[in-house]
S.K.: 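One structure, as structure tokens, below. Some questions next.
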Amino acid sequence: MSAALQMVDESRLLAGRILRQIPRVPERLADNTVMPVIFVLTFVFVFGSAIHLPDGISYHDYLVSGMFAQGIGATLVGLAVGVATDHKTGLIDRLQVLPISRASVLVGRNLAQLAEGFVGTLVLVVLGLILHPLLFVPSIYA
């Protein structure tokens, strides 16, 4: 097997290992699914009528896209925390003695974070489509 294919296989295995930890630490998935829902509902129904933009621009036009940007930032933070946790628990030390590519450790972590972020993005897209008719009814915020 070539070195590139071996690195891809190792990265896939390490990403699978990280994703299999989600049932034991459900907060990781809650960060990507529940928190965006709470933020969107809070900013729509609690702060929605309190924020006014100039020139008649609707605040709600930017809400879901802002939540996407916040989700990307949270994914980057989760990636950094995951690598730091792996280093603190000694996983990096154990992986260094194995005959695997050093890049596969980081690529595997990135793939796992990408999968978790995709789930969060999917939840946010569905929520945005559900709330879209509600956001543009003028009588709600009059």
S.K.: Between Val105 and Arg109, is any pair of side-chain heavy atoms under 4.5 Å apart?
M.R.: no
S.K.: Do Val40 and Leu129 share a hydrophobic cluster (ILVMFWY, side-chain heavy atoms under 4.5 Å, transitive)?
M.R.: yes
S.K.: Show me the side-chain donor-acceptor pairs of residues 63-75 shorter than 3.5 Å, one per line, residues at least two apart or across chains.
M.R.:
unit_1: Ser65; atom_1: OG; unit_2: Tyr62; atom_2: O; d: 3.0
unit_1: Thr75; atom_1: OG1; unit_2: Gly71; atom_2: O; d: 2.9

S.K.: Looking at CG of Leu91 and CD of Gln96, how far apart are the two atoms once the value is rounded to the nearest 0.5 Å?
M.R.: 10.0 Å
S.K.: Can you name the nearest heavy-atom pair linking Arg94 to Val97, along with the distance?
M.R.: O-CG2, 3.1 Å
S.K.: What distance separates Arg17 CZ from Leu95 CG, expressed to the nearest 0.5 Å?
M.R.: 7.0 Å
S.K.: Between Leu29 and Ile38, is there a shared hydrophobic cluster once you connect ILVMFWY residues whose side-chain heavy atoms come closer than 4.5 Å?
M.R.: no
S.K.: If hydrophobic clusters are built by linking Ile, Leu, Val, Met, Phe, Trp and Tyr wherever their side-chain heavy atoms come under 4.5 Å apart, do Leu41 and Phe43 end up in the same one?
M.R.: yes
S.K.: Say you draw a straight line from CD1 of Ile18 to CG of Leu111; how long is it, rounded to the nearest 0.5 Å?
M.R.: 9.0 Å
S.K.: Hydrophobic clustering (ILVMFWY, side-chain heavy atoms < 4.5 Å, transitive) - are Phe39 and Leu127 grouped together?
M.R.: yes
S.K.: Which atom pair, heavy atoms only, marks the closest approach of Leu14 to Ser104?
M.R.: CD1-O, 3.6 Å
S.K.: Can you pull the side-chain hydrogen bond (donor to acceptor under 3.5 Å, both in side chains) pairs that have at least one residue in residues 30-47, sequence neighbours excluded?
M.R.: Asn32-Glu116
S.K.: Mind checking whether Val83 and Val25 sit in one hydrophobic cluster, side chains of I, L, V, M, F, W, Y counted as touching below 4.5 Å?
M.R.: no
S.K.: Which pair of heavy atoms, one from Ser101 and one from Glu10, lies closest together, and at what distance?
M.R.: N-OE1, 3.0 Å
S.K.: In Å, rounded to the nearest 0.5 Å, how long is the span from CD of Gln113 to CG of Leu19?
M.R.: 9.0 Å
S.K.: Which donor-acceptor pairs under 3.5 Å do the side chains of residues 119-126 make with protein atoms, sequence neighbours left out?
M.R.:
unit_1: Thr121; atom_1: OG1; unit_2: Gly117; atom_2: O; d: 2.9

S.K.: Any chance you could measure Ile92, atom CD1, to Leu106, atom CG, to the nearest 0.5 Å?
M.R.: 7.0 Å
S.K.: Is Asp9 reaching over with its side chain to a backbone N or O of Leu5, donor-acceptor style, under 3.5 angstrom?
M.R.: no
S.K.: Say you draw a straight line from CG of Leu13 to CD1 of Ile100; how long is it, rounded to the nearest 0.5 Å?
M.R.: 9.5 Å
S.K.: Ala15 and Gly108: which non-hydrogen atoms are nearest, and at how many Å?
M.R.: CB-O, 3.3 Å
